[in-house]
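The model shown is predicted, which means the values in this text are computed figures rather than measured ones.
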Amino acid sequence: MLDALTLTPISHFAGTINLPGSKSISNRALLLAALAHGETEITNLLDSDDVHYMLKALTTLDVKYELSSDKTRCKVFGMGGVLTQNQTEPLELYLGNAGTAMRPLAAALCLSEHPPILLTGEPRMKERPIGHLVDSLIQAGAKVTYVEEVGYPPIKIEGGFEGGQLTVDGTISSQFLTALLMMAPLAMQDTEIVIKGNLVSKPYIDITLQMMSQFGIDVINHEYERFEIKGGQNYSSPGRYLVEGDASSASYFLAAAAIRGGKVRVTGIGKNSVQGDIRFADVLEKMGAKITWGEEYIESERGNLKGIDMDLNHIPDAAMTIATTALFAKGPTRISNIYNWRVKETDRLFAMATELRKVGAIVEEGNDYIHITPPTQLTVAKIDTYNDHRMAMCFSLVALSNTAVTINDPGCTSKTFPTYFKEFLSLSTQDSIK
Ligand SMILES: O=C(O)C1=C[C@@H](OP(=O)(O)O)[C@@H](O)[C@H](O)C1
Ligand SMILES: C=C(OP(=O)(O)O)C(=O)O
């Protein structure tokens with residue numbers, strides 16, 4: 001694995017990229033297929049670390065599946081209910097830093113009583129809060145205990161989720177609500193979930209609700225403030241399930257075209273995609289890019305980019321791409337309502353501010369916002385990536401200038417996009433690569 005990758009200046013960026021499968025959809029599809037009655041053939045599954053952690057967890061739980069050699073097709077033999085029905089011994093599941101594995105699995109393993117299952121992960125996972133979810137699971141009757149620090153993984157689960165009247169704090173992560181929603185239909189009782197505080201990252205709940213419906217279960221959604229779910233139900237396999245392309249991964253290519261295009265087409269997502277991160281294209285358009293929407297693609301072309309002032313709470317992952325695109329815009333950019341950047345792969349507000357300053361930007365890091373004034377000339381810099389795939393991918397955009405950039409630990413993109421730099425360079429015209 002390379003320690004660092006230097007990207008020399010890229011003068012032109014154009015072409016087509018067939019997006020890898022969505023991380024959010026891949027991990028939801030695997031879990032719903034494992035819980036469902038029947039076999040599900042998942043296609044365009046993402047082949048990346050986060051998905052491998054989910055697959056490995058399912059293996060440990062004795063869920064049977066057949067994975068193709070390129071790891072993008074998976075036939076899952078559903079358990080038809082709880083995942084712990086064959087468990088006789090304590091188990092340990094190591095989930096790396098995959099939020100989409102840790103949070104939904106924590107809820108899934110509460111569905112029946114069983115010997116203890118330890119859910120753990122890499123050091124950063126132990127700093128990412130899970131207390132709001134654990135509080136709700138305990139409220140629903142489950143036995144869940146903290147093994148190290150209260151409020152954080154690792155956690156030990158012995159099950160007992162019965163559903164009923166629940167509240168969940170929505171202010172830190174939508175993944176807690178996603179986890180509860182996906183498990184509630186399998187509980188004995190009907191469940192009502194009331195959200196405390198303002199729900200963040202709301203469009204991810206639309207992914208959850210749409211996928212639950214594709215697996216046969218509908219939820220009553222009262223304006224994202226209260227949800228009603230009938231108990232005693234079962235998921236049924238849709239047979240085949242095609243995973244949409246990853247809209248967050250698309251953001252780097254769409255932004256690169258806006259900066260140095262050429263025309264870029266990303267395929268595998270389109271105007272009807274369920275992922276909220278397709279709305280990144282609207283933000284880019286507001287900055288001045290030319291965007292074209294198709295059923296199965298989005299295209300982006302260069303424009304005279306100008307800074308924006310926007311609340312990007314609805315697209316927290318793709319919002320990071322706006323922060324580095326801002327380096328190429330006329331005037332400052334302010335991105336607000338992004339407090340939960342601080343509890344993701346790293347403290348992304350701190351990391352982003354620190355690295356943007358290295359390339360010459362003037363940056364104000366607020367508690368829940370970032371204000372970026374671009375420099376007239378970017379400075380050559382070595383970018384630290386903080387074991388955060390999105391830091392590596394965002395800062396590749398710096399090379400779309402007359403300045404080289406070195407990305408430390410480029411292999412960290414394996415969390416969601418192992419082939420990112422290969423794909424990025426295949427659309428780039430540049431002098432040479434060191
Ligand atoms: O539900 C999901 O698939 C996700 C929800 C978001 O997290 P938060 O809800 O914690 O913001 C997002 O950042 C993450 O990459 C994936
Ligand atoms: C926040 C992210 O991941 P996770 O699913 O681990 O929360 C991300 O991919 O940017």
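- Side-chain N/O atoms of Thr100 and Gln175 include no donor and acceptor closer than 3.5 Å.
- By the 4.0 Å N-to-carboxylate-O rule, Asp317 lies close enough to Arg348 to be salt-bridged with it.
- In terms of modelled atom types and a separation under 3.5 Å, the side chain of Asp384 and the main chain of Tyr386 share no donor-acceptor contact.
- Taking the charged nitrogens against the carboxylate oxygens, Glu355 and Arg357 have no contact shorter than 4.0 Å, which rules out a salt bridge.
- Looking only at side-chain heavy atoms (C-beta outward), Lys75 and Thr40 stay at 4.5 Å or farther from each other.
- In this model, no donor atom of one side chain and acceptor atom of the other lie less than 3.5 Å apart for Asp388 and Thr346.
- Between Phe13 and Phe424, the ring-plane angle classifies as tilted under the 30° and 60° cut-offs.
- A donor-acceptor contact under 3.5 angstrom links the side chains of Tyr65 and Thr59, judged on distance only.
- Using a 4.5 Å cut-off on side-chain heavy atoms (C-beta onward), Gln139 and Thr167 make contact.
- Not one N or O on the side chain of Thr171 forms a donor-acceptor pair closer than 3.5 Å with the backbone of Gly197.
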I would like to know whether Ser396 and Tyr420 meet side-chain hydrogen bond (donor to acceptor under 3.5 Å, both in side chains); could you show each step before the answer?
CA-CA 10 Å; Ser396 65; Tyr420 174 73; 2.8 Å; yes
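- Under a 4.0 Å N-O distance rule, the pair Lys415/Asp50 qualifies as a salt bridge.
- Remark: Lys156 NZ is loosely packed, at most 12 non-hydrogen atoms of other residues, nucleotides or ligands lying under 6.0 Å away.
- Summarising the local packing, CG of Asp3 is surrounded by 12 or fewer heavy atoms from other residues, nucleotides or ligands at distances under 6.0 Å.
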So Arg28 and Thr208, side-chain hydrogen bond (donor to acceptor under 3.5 Å, both in side chains) or not? Walk me through it.
CA-CA 8 Å; Arg28 283 170 173 76; Thr208 303; 3.1 Å; yes
Mind running side-chain hydrogen bond (donor to acceptor under 3.5 Å, both in side chains) on Thr72 and Asp47 for me, showing each step along the way?
CA-CA 6 Å; Thr72 64; Asp47 172 19; over 6 Å; no
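- Remark: Arg265 qualifies as a cation-pi partner of Tyr297 under the 6.0 Å distance and 45° angle criteria applied to the six-membered ring.
- No donor-acceptor contact under 3.5 angstrom links the side chains of Asp311 and Ser336, judged on distance only.
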Are Ile370 and Leu349 close enough, and set up right, to give a side chain to side chain contact (heavy atoms under 4.5 Å, CB included), and what steps lead you there?
CA-CA 7 Å; Ile370 190 164; Leu349 269 157; 4.0 Å; yes
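- Using modelled atom types, one side-chain atom of Ser26 and one backbone atom of Leu46 make a donor-acceptor pair closer than 3.5 Å.
- Figure legend: cation-pi geometry between Lys202 and Tyr224, with NZ or CZ positioned under 6.0 Å from the six-membered ring centre and within 45° of its axis.
- Tyr369 carries Arg334 over the face of its six-membered ring, with the cationic atom under 6.0 Å from the centre and within 45° of the normal.
- Taking the side chain as every heavy atom from C-beta outward, Val134 and Val144 approach each other to under 4.5 Å.
- A salt bridge is absent between Glu345 and Arg124: the closest approach of a Lys/Arg side-chain nitrogen to an acidic carboxylate oxygen does not fall below 4.0 angstrom.
- A donor atom on one side chain and an acceptor atom on the other are found under 3.5 Å apart for His389 and Thr416.
- Side chains of Thr385 and Asn408: no donor on one and acceptor on the other come within 3.5 Å.
- Rounding to the nearest 0.5 Å gives a distance of 12.0 Å between CD1 of Ile362 and CD1 of Ile372.
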Determine, stepwise, if the pair Arg226 / Glu192 fulfils salt bridge (charged side-chain N to carboxylate O under 4.0 Å, His left out).
CA-CA 7 Å; Arg226 190 166 64 86; Glu192 184 185 57; 2.5 Å; yes
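- Proximity of a side-chain donor or acceptor of Asn340 to a complementary backbone N or O of Ile172 within less than 3.5 Å is detected.
- Of the candidates Leu356, Asp409, Val359, Thr354, Ile383 forms a side-chain contact (heavy atoms from CB on, under 4.5 Å) with just one, namely Val359.
- No donor-acceptor contact under 3.5 angstrom links the side chains of Glu228 and Asn221, judged on distance only.
- Between the side chains of Asn387 and Glu122, at least one donor N or O sits under 3.5 Å from an acceptor N or O.
- For Arg128 (side chain) and Asn97 (main-chain N/O), a donor-acceptor pair under 3.5 Å exists by modelled atom type.
- A donor atom on one side chain and an acceptor atom on the other are found under 3.5 Å apart for Tyr252 and Arg390.
- A donor-acceptor pair under 3.5 Å is absent between the side-chain atoms of Thr191 and the main chain of Gly163, judged by distance alone.
- Remark: side-chain polar atoms of Ser213 are not paired, donor with acceptor, to backbone N or O of Ile217 under 3.5 angstrom.
- In terms of modelled atom types and a separation under 3.5 Å, the side chain of Tyr235 and the main chain of Met182 share a donor-acceptor contact.
- Using a 4.5 Å heavy-atom cutoff, the side chains of Met102 and Tyr53 are not in contact.
- Just one of Asp282, Val283, Ile335, Thr333 meets the side-chain contact (heavy atoms from CB on, under 4.5 Å) condition when paired with Met310; it is Val283.
- Side-chain atoms of Ser174 and Ser201 form no donor-acceptor pair, as typed in the model, at a separation below 3.5 Å.
- Between Glu41 and Arg240 no salt bridge is recorded (no basic side-chain N to carboxylate O distance below 4.0 Å).
- Side-chain atoms of Ile130 and Tyr146, non-hydrogen and from C-beta on, do get closer than 4.5 Å to each other.
- Heavy atoms of other residues, nucleotides or ligands lying less than 6.0 angstrom from CG of Asn304 number 12 at most.
- A donor and an acceptor atom, one from each side chain of Thr267 and Asn18, are located under 3.5 Å apart.
- Looking only at distances, a side-chain donor or acceptor of Gln275 sits under 3.5 Å from a matching main-chain atom of Ala247.
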